[in-house]
Amino acid sequence: MMARDIIAGILCAVGTFFFILGTTGLLRLPDVFSRLHPSTKCDTLGGCSVLIGLMVHSGFSFDTLKLLLIVAFLLVSSATCGHAIGRSAFVKGIPIWKKGLEREE
Amino acid sequence: MGAYSHFPIFIIAIPMVMAVLMPAIGYKNEKYCPKAVVVALLSSTTLTGLLFFRVKPEGYLSYHMSSWEPPFGIEIRIDFLSLFILATICAISLLVAIFSQKYILKELEANKIPSFYCLFLLLTASMLGFVATGDIFNMFVFMEILALSSYALVAIAGNREAVRAAFKYLLMGAPSSIMVLLAITLLYSVTGTLNMADLSAKIADSGYREVLFASIVIFLIGFGVKAALFPLHMWLPDAHSIAPSPISAMLSGLVVEVGAYAILRILFSVFTTSSPTLSGTSEVLGIISAAGVLFGGILAITQKDFKMMIAYSTISHIGYILLGISVMNDKALTGSVFHIFDHGMAKACFFLCAGAFIYKKGYRRIEDLKGAARQMPWTSFAFSLAALSVIGIPPTAGFISKWYLIWGCIAGGYYLYAVIFLVGSVLAAVYCLRIIYYIFFLAPDEEKWSRKVDEAPLRILIPVWTLSLSTFVFGVISFLIIPSLQQAATFLIIR
Amino acid sequence: MKKFFSLLFIAALAILLLYVVSNMPGMGEEDVPTRQNVIPRYLENAEEETGTENVITGVILNYRGYDTMGEVTVIFTGLAAVIAIIGRERRGKNYAYTDLSEIASSVIVRIAIIFLAPLILLFSFYTILHGDVSPGGGFQGGAIIGASLIIFTTIFGLWESTSRIPQKLRFPLEGAALLSFFSVGAIGIIGGGNFLTYTLPRLTTSLQPAVRTWLTLLVEIGIGVGGAMVFISILFALLREEGGVVGY
Amino acid sequence: MDWVINLVLIALLIATAVSAILARDLLAAVIIFSCYSMIMALMWQRLQAPDLAFTEAAVGAGVTTVFFVITIFKTRRKEER
């Protein structure tokens, strides 16, 4: 019982940590492409960790299956969204940041 | 019994079903649309007329939706006053539908006609549902349909001004809907019920005075916008003058009145007259609507646009109705309800006359109407007959309602209000007689109006004449209606 | 001046509401008025009287079904308003449409949508059909169907969607919600009750629960399909554009 | 603990509402408004109204946002001063 709670807690903490990282990156990085980089990846990873933590916490039940489905959807949709945003930004010709250029606000 | 007991829902459901079917009916040929509308409204009107045999002035007809008894389910509750207004709505919208059959081809493209009639039927059905219902949340739901369809109908021409006017209407109307919802929430939070009859019983012994007070203030603001109560009327002139004429007739003749009717219901059915929360609010309502009478009348005199003038006159007359409600005795209430009826007819007739002029010539400015009577005598005569009712000259219906309103004011001790009614009538006389003077007595411009009679088609003239004649006829036979109305009003007040 | 008055009005309203809130019955307490009148009956008897495990669905569709009919009409009126003002989409060379998807050519997105859209649809059907047992129901499911069709349209373009769901099909389906209410209402009247009665008095007692379930289901499906079609028709009408494509 | 979460949600709700009104870029306002709907859905869930939360998430955050975005595409993005 205790071990399960501890594992779940650790996973959730890891997930939250990645969320914080992703958000910091979103705020601090200079252009669209580099901002996409932390936001999609960290959110996917953080979300998955939190959900897996919850799966561990809930034990083996119907809820676990639902959480598993959410993980699957998160993996697909988050990656696709990142791709779509990046691609459309590229197609639109939004400039890519290089060293020395001002940060766009 | 049998089918008779289901009439209340049929009255509302028939126009609604027809509205849903309207795109399909108009898919092959738009010509079928107006005929279907007329059939639906005719059947609603007939059923409403038949209900007069069932509803006694002191009683009411209750129809339980889904067979649940009232506080748990929704109740349709038709008493004599609401039946009277239901009949007004049915009759006027039927006439407007007949009018628009020919007219609307002039103002709208062919592919918009099915949606026009769909919205028209939804507007009518929602007004019927709004008036008939005995459940306060249900009232809100129907008010939303009413509001949405009237925004769309104002904007339906699709040009810049129309969309602008509709947007103004929307900006005023949406917050007012929210306010009504908020007020309903407040009432629900202190009573735990939504049925009006149940509410009034629960309010009587409720300890939450502050909440009740706030809810009635918010109700008055919310429905005040819908009824174009004086400081909240800003949307009305634009919306009513820019909409297509049949819609102006509906908005000015019915929709605004239905807002006033809602205030009546809130004050008399939900908060009963004996309720201490009401004491201050009705005085404030009286002062505001008295200001509205004068303001609307004065601005109507200064207008250059014909339809704009009629719209301002509506503000003035809404002031009459609400002033009569705020006096809170049976005479004034009878006058108010009868004024809803005769003002609805007269105002619809005004706008339809304006529509007939627009149909024939496209003129909207008052100056352009100089000498119109030479070419369109029938329309002009109909207009002047309705104008007599708006001014309140005996024996028209307008006189009867004003008579009762003034009587009620004097009986209640509000002598100032009686004076304001008289001043309002003088103002009405000024703005109506000005138009009549222009139409009949000024020589026409040769290139604008021919001297030969060239009238609008019969489908336009028949509704116009029916409306203007009935303002006269119902004035003459008012002794048949008024006693029952007064009984119903007394019943509503004493309860 | 105008700004001053509107601020004054809003401030007055805010003060009034704050004053009211301090005097309102407390939230969630035992003896508040909202817990005394209609709510106890709903909570205790809904399952038995309406045949739906989810009390919300019982209240929405059965006790206050007429209100829901009104809500459905509001949605339908919204569609009618949009169609009246901007018109339906039309096919033809002269009609362009606003293309939202410059990324439409991306294979990854297409594959992902092809994978996801059916699952979303499946979920929405589950939501509609399971409304009487679990949270959800016609409105929610309809909104989700609408959302999945919107995703499909943004990726594959307007013509692809309109050829899947042509106008002729949408005409009856847009009104499906209201029509299902009316048909259930008519069945209620024929069955000896009032409008929208689900438990028909004319039937034998043993048949009543089954008929009630089927009628509830009919209304749920009607609301779902009608809502979805209204959303998708509004989307198509919005995307339609006479003349060239206007971007920002 | 409950009241902390409620307080945070209400604060976020007010913050998003105000910033959606103040945003000059209409697209940004729409996105913020969609966030507002999502927070509202969370609040409904906390008030034990899952049906409502469901509707709010699907309609408020999903469908209406798309409609708003299309409308902005077809008109102008910046608010006129």
Side-chain angles (χ1 to χ4, degrees), chain B residues 5-6 9 13 16-17 19-21 23-24 27 63-68 71-74 111-112 115-116 118-119 122 125-126 129 135 137-138 141-142 144-145 148-149 151-153 155-156 158 163 166 182 186 188-194 198 202 206 208-211 214-215 217-218 221, chain C residues 9 13 16-17 19-25 32-39 41-42 45 49 61-71 73-74 76-78 80-88 167-168 171-172 174-175 177-179 182 185-186 188-189 193-199 201:
Chain B
S5 64
H6 297 296
I9 184 65
M16 255 183 188
V17 176
V20 177
L21 296 179
Y27 187 65
Y63 185 78
H64 300 168
M65 256 338 135
S66 315
S67 306
W68 299 114
F72 304 104
I74 294 170
N111 60 350
K112 281 191 177 175
S115 2
F116 170 81
C118 175
L119 287 167
L122 284 170
S126 61
D135 188 280
F137 186 76
N138 197 241
V141 170
F142 278 105
E144 275 298 276
I145 308 173
L148 257 181
S149 48
Y151 306 145
L153 282 169
I156 197 166
V163 173
L182 187 63
L186 289 179
Y188 180 72
S189 78
V190 295
T191 58
T193 177
L194 291 168
D198 201 24
K202 293 264 161 36
S206 168
Y208 299 98
R209 286 278 301 280
E210 297 85 0
V211 181
S215 109
V217 168
I218 297 170
I221 299 173
Chain C
F9 175 71
L13 196 67
L16 180 73
L17 286 179
Y19 174 66
V20 166
V21 164
S22 62
N23 284 303
M24 256 164 76
V32 292
T34 40
R35 286 219 183 168
Q36 282 159 8
N37 295 322
V38 288
I39 297 293
R41 156 111 184 233
Y42 287 163
N45 301 354
E49 285 179 347
L61 292 186
N62 204 328
Y63 289 110
R64 300 190 69 86
Y66 186 55
D67 264 353
T68 313
M69 191 181 104
E71 302 286 358
T73 320
V74 171
F76 183 78
T77 314
V82 170
I83 300 297
I85 295 167
I86 57 182
R88 279 186 192 279
Q167 263 186 40
K168 268 185 198 166
F171 272 140
E174 281 158 4
L178 261 175
L179 290 177
F182 288 130
I189 288 177
N194 279 353
F195 193 74
L196 280 178
T197 305
Y198 291 82
T199 317

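Residue numbering restarts at 1 for every chain, and letters A, B, ... go by the order of the sequence lines.
Using a 4.5 Å cut-off between heavy atoms, B/Leu122 contacts chain C through its side chain alone, with no backbone atom that close. Contacts between B/Asp135 and chain C at a heavy-atom distance below 4.5 Å involve the side chain alone, from C-beta outward. Interface remark: B/Ile145 contributes backbone and side-chain atoms alike to the contact with chain C (heavy atom separation under 4.5 Å). For C/Val38, the parts sitting under 4.5 Å from any heavy atom of chain B are the backbone and the side chain alike. For C/Gln36, no part sits under 4.5 Å from any heavy atom of chain B, backbone or side chain. For a residue to count as touching a neighbouring chain, one of its non-hydrogen atoms must lie under 4.5 Å from one of that chain's; by this rule B/Ala125 does not touch chain C. Neither the backbone nor the side chain of C/Glu174 comes within contact range of chain B, judged by heavy atoms closer than 4.5 Å. For C/Tyr198, no part sits under 4.5 Å from any heavy atom of chain B, backbone or side chain. Both the backbone and the side chain of C/Ile85 come within less than 4.5 Å of a heavy atom of chain B. Heavy-atom distances place no part of B/Phe116 under 4.5 Å from chain C, backbone and side chain included. Contact annotation for B/Asn111: only side-chain heavy atoms (C-beta onward) come within less than 4.5 Å of a heavy atom of chain C. For B/Leu194, the part lying under 4.5 angstrom from a heavy atom of chain C is the side chain only.
How far CH2 of B/Trp68 is from OG1 of C/Thr199: 6.0 Å, rounded to the nearest 0.5 Å. With values rounded to the nearest 0.5 angstrom, C/Leu179 atom CG is found 12.0 Å from B/Met16 atom CE. The distance from the OG atom of B/Ser115 to the CD1 atom of C/Ile86 is 11.0 Å, given to the nearest 0.5 Å.
Between chain C and the residues B/Val217, B/Ile221, B/Thr191, B/Thr193, the most heavy-atom pairs under 4.5 angstrom are made by B/Thr191. In terms of non-hydrogen atom pairs under 4.5 Å with chain B, the most contact-rich of C/Glu49, C/Glu71, C/Arg35 is C/Glu49. Ranked by heavy-atom pairs under 4.5 Å with chain B, the first of C/Val74, C/Val32, C/Thr77, C/Asp67 is C/Asp67. In terms of heavy-atom pairs under 4.5 angstrom with chain B, the leader among C/Leu178, C/Asn62, C/Ile39 is C/Asn62. The most heavy-atom pairs under 4.5 Å with chain C, out of B/Ala166, B/Gly129, B/Pro71, B/Ala24, come from B/Pro71. With chain B as partner, the option from C/Ala80, C/Pro25, C/Ala81 having the largest number of non-hydrogen pairs under 4.5 angstrom is C/Pro25. Each of C/Thr197, C/Thr34, C/Asn194 has some count of heavy-atom pairs under 4.5 Å with chain B, and the biggest count is that of C/Asn194. Among C/Ile83, C/Leu13, C/Leu16, the residue making the largest number of heavy-atom pairs under 4.5 Å with chain B is C/Leu16. Of all the listed residues (B/Val163, B/Val20, B/Ile74), the one sharing the greatest number of non-hydrogen pairs under 4.5 Å with chain C is B/Ile74. Options B/Asn138, B/Leu153, B/Leu148, B/Ile156 differ in how many heavy-atom pairs under 4.5 Å they form with chain C, and the most are formed by B/Asn138.
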Apply the test side-chain contact (heavy atoms from CB on, under 4.5 Å) to residues B/Leu182 and C/Leu17: give CA-CA distance (whole Å), side-chain angles for both, the deciding distance (0.1 Å), then the verdict.
CA-CA 10 Å; B/Leu182 187 63; C/Leu17 286 179; 3.9 Å; yes
Dump the intermediate steps for side-chain contact (heavy atoms from CB on, under 4.5 Å) on C/Asn23 and B/Arg209, then the final yes or no.
CA-CA 9 Å; C/Asn23 284 303; B/Arg209 286 278 301 280; over 6 Å; no
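Within the 4.5 Å cutoff, the side chain of C/Met69 has no heavy atoms near those of the B/Val141 side chain. With a 4.5 Å cut-off on side-chain heavy atoms, C/Asn45 and B/Phe72 do not count as touching.
The two residues C/Met24 and B/Ser189 have their closest heavy-atom pair at CE-OG, 3.8 Å. Of all the heavy atoms in B/Cys118 and C/Phe76, the pair that sits closest is SG-CE2, 3.7 Å. Of all heavy-atom pairs between B/Glu210 and C/Val20, the closest is O-CG2, 4.2 Å.
Between C/Phe171 and B/Tyr27, the ring-plane angle classifies as perpendicular under the 30° and 60° cut-offs.
With ring centers used as reference points, C/Tyr66 lies under 6.0 Å from B/Phe142.
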